[in-house]
> 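After the structure tokens below, expect a handful of questions from me.
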Amino acid sequence: MYPYIFMIMLSGCIYFFAEYFTRSFKVLSNLVYILAFVLLSVFSGIRDYSVGTDLYTYGNRIFLDSTVLPYNMVRQNSIRWGDPGYVFLNKVIASFTHNPHVFYGILSFLVLSIFFVAVSSLRKILNVPTAMLLFSFFLWPLDFNILRQGLAISLVVLGFSLLIQKKYIVALGVFICSSLTHNSSIIIVAILIGIFVVFNSDRISHIPGVQLFVIVLIFGFSTVLPLIFSRLPVSILTSLDDRYYYVASSLSLTSFSIGKAGMFSIPLIILLLKPVRSKFVYLQAEARIVYLTVFTLSIINVIFNGFAASNYVLFGRLSYYLYPYLIILLSLTVHMIRRRWAKVAIISLLIIYSIVCFVYLIGVGNYGNLIPFRIDPLLRFF
């Protein structure tokens, strides 16, 4: 566990150092950020194949098949995991290396870089180094295991940032890429676009109480949806995706995890306190839309995590897509703080909170067999 925390804290120091040069020397700032991504990516790439259960499940097989087989045959050999976008990425990287370690390093670099591009485009309303540090705590370690979904998560966030910038056609293309990388992203994209449309509509968003009504409605829907799935026949669930065949037997009110739901509720409860909530009244239009959208998605994240009785059931997997919006919400809050000492104090508290979440999400139960971290003794770079 300690090697992960050390690498994340080291990269965090580099993130904040890089941000110092943003206004005066943006190129240098981006290069320093890239340095942090390279460090984390090398760490990801040198791991032993036993670190991350999905490496044995499909990771190594798809990549090694990609080194010798044509695209269509690779997909046929991995029909359950062979999402077309992910297989295509394997084929591209396999065209210049046959080493899976290099592939995993590049995959990690892509996940970090795409998320950075997304949040840096929103720099005027959120604190970028805080967002990158929280992302490194909450999602970078998960990417050691959720290979396809990790990339899809970053692509969905990039699509969201493009929506905020009103680049709708490009956003649609990015969302399509995310669905080709991991088909489960379609569900989150539909939810995200629906919430964004409501809060972005001048006719709707300024009606008194409509924003609160939408949040309450989504809260109720998110609570009922897992129970609806729990009552569906297994045949219907497997027709959606055979990976989730056990959802029907694992979801119920008694399976609701107070621990995971409570962990993600803490920052939301604090942000709802009147002294904190009053600060958001003065947000500009763009920031207000982002705030309302990510806050609502963070509420859904609480519900989905509650129903994630296992990390591998449908709502556990879907909740990973929602982690970035809590990260954006917290980074937006940090950006609003003007007093230097207060900002340092809040960031310090967020680091402590992130470490606790890391221990709970990764350390307890050893998710994805990520602990202990091991370097491949037969490591070769070529």
Side-chain angles (χ1 to χ4, degrees), residues 52-55 57-59 61-63 65-66 71-93 103 107 110-111 114-115 118 139 142-160 162-163 170-196 222 225-226 228-230 232-248 250-251 297 300-301 304-305 307-308 310-325 368:
T53 53
D54 281 3
L55 271 67
T57 306
Y58 67 85
R61 185 172 71 186
I62 291 180
F63 181 74
D65 281 354
S66 298
Y71 173 83
N72 289 337
M73 290 189 66
V74 176
R75 289 206 63 202
Q76 290 175 8
N77 286 353
S78 303
I79 192 65
R80 182 175 171 182
W81 298 283
D83 296 84
Y86 181 76
V87 173
F88 177 77
L89 177 64
N90 276 260
K91 287 295 296 181
V92 170
I93 297 176
F103 171 76
L107 182 62
L110 287 174
V111 169
I114 293 171
F115 182 79
L139 282 161
L142 291 180
D143 294 337
F144 281 54
N145 189 52
I146 54 171
L147 305 174
R148 296 165 301 140
Q149 190 180 357
L151 183 58
I153 289 169
S154 287
L155 287 169
V156 173
V157 179
L158 178 60
F160 170 70
L162 291 167
L163 284 181
V170 182
L172 177 61
V174 172
F175 286 142
I176 291 173
C177 289
S178 71
S179 66
L180 292 175
T181 304
H182 201 284
N183 57 20
S184 63
S185 67
I186 297 173
I187 300 172
I188 298 301
V189 167
I191 294 173
L192 189 156
I193 292 176
I195 295 171
F196 172 79
S222 302
L225 185 62
I228 293 174
F229 268 83
S230 71
L232 290 176
V234 174
S235 58
I236 295 179
L237 290 170
T238 54
S239 69
L240 297 174
D241 195 319
D242 62 1
R243 285 171 288 183
Y244 307 125
Y245 70 92
Y246 38 81
V247 170
S250 63
L251 279 176
L297 289 168
I300 299 175
N301 180 46
F304 281 8
N305 267 284
F307 281 103
S310 162
N311 280 320
Y312 294 96
V313 298
L314 176 61
F315 291 93
R317 282 289 184 152
L318 289 180
S319 69
Y320 299 153
Y321 285 104
L322 301 174
Y323 289 8
Y325 305 101

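This chain uses plain numbering: 1 for the first residue, then up along the sequence. Every value quoted in this text rests on a predicted model; they were computed, and no experiment measured them.
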> Whether the side chain of Tyr320 engages the backbone of Ile153 through a donor-acceptor N/O pair (distance < 3.5 Å, no angle test) should be reported.
no
> Only one of His182, Arg75, Arg148 passes side chain to side chain donor-acceptor pair (under 3.5 Å) with Asp83; say which it is.
Arg148
> What I'd like to find out is whether the side chain of Leu155 reaches to under 4.5 Å of the side chain of Leu151, using heavy atoms alone.
yes
> Heavy atoms, side chains only, cut-off 4.5 Å: are Val157 and Tyr325 in contact?
yes
> Do Ile62 and Leu147 touch side chain to side chain, with heavy atoms closer than 4.5 Å?
no
> Are Leu162 and Leu172 side-chain neighbours, meaning at least one heavy-atom pair lies under 4.5 Å?
no
> Rounded to the nearest 0.5 Å, what separation is found between the CG atom of Leu180 and the CD1 atom of Ile186?
8.5 Å
> Let me confirm one number: the CD-OG distance from Gln149 to Ser178, rounded to the nearest 0.5 Å.
11.0 Å
> Quick check: does any side chain N or O of Ser185 sit under 3.5 Å from a backbone N or O of Ser179, one acting as donor and the other as acceptor?
yes
> Within the structure provided, determine whether Asn301 and Asn305 are in side-chain contact (heavy-atom separation under 4.5 Å).
yes
> Step by step, would you call Ile191 with Leu322 a side-chain contact (heavy atoms from CB on, under 4.5 Å)?
CA-CA 11 Å; Ile191 294 173; Leu322 301 174; over 6 Å; no
> Would you call Tyr86 and Tyr58 a side-chain contact if the rule is heavy atoms closer than 4.5 Å?
yes
> If we ignore hydrogens and angles and just use 3.5 Å, is the side chain of Asp65 paired with the main-chain N or O of Val74 as donor and acceptor?
no
> To the closest 0.5 Å, what do you measure between CZ (Phe144) and CG (Leu55)?
10.0 Å
> Would you find more than 12 non-hydrogen atoms of other residues, nucleotides or ligands less than 6.0 Å from Phe88 atom CZ?
no
> Of all the heavy-atom pairs spanning Asn90 and Ser66, show the shortest one and how long it is.
CB-OG, 3.3 Å
> Side chains of Phe160 and Ile188, heavy atoms from C-beta outward: is any pair under 4.5 Å?
no
> Just so I know, are the side chains of Arg61 and Ser78 near enough to count as touching, which here means a heavy-atom distance under 4.5 Å?
yes
> Once you round to the nearest 0.5 Å, how far does CG of Asn145 lie from OG1 of Thr53?
3.5 Å
> Measuring from Phe175:CZ to Leu158:CG, what's the distance to the nearest 0.5 Å?
8.5 Å
> Could you go step by step and tell me if Leu139 and Val111 meet the side-chain contact (heavy atoms from CB on, under 4.5 Å) rule?
CA-CA 9 Å; Leu139 282 161; Val111 169; over 6 Å; no
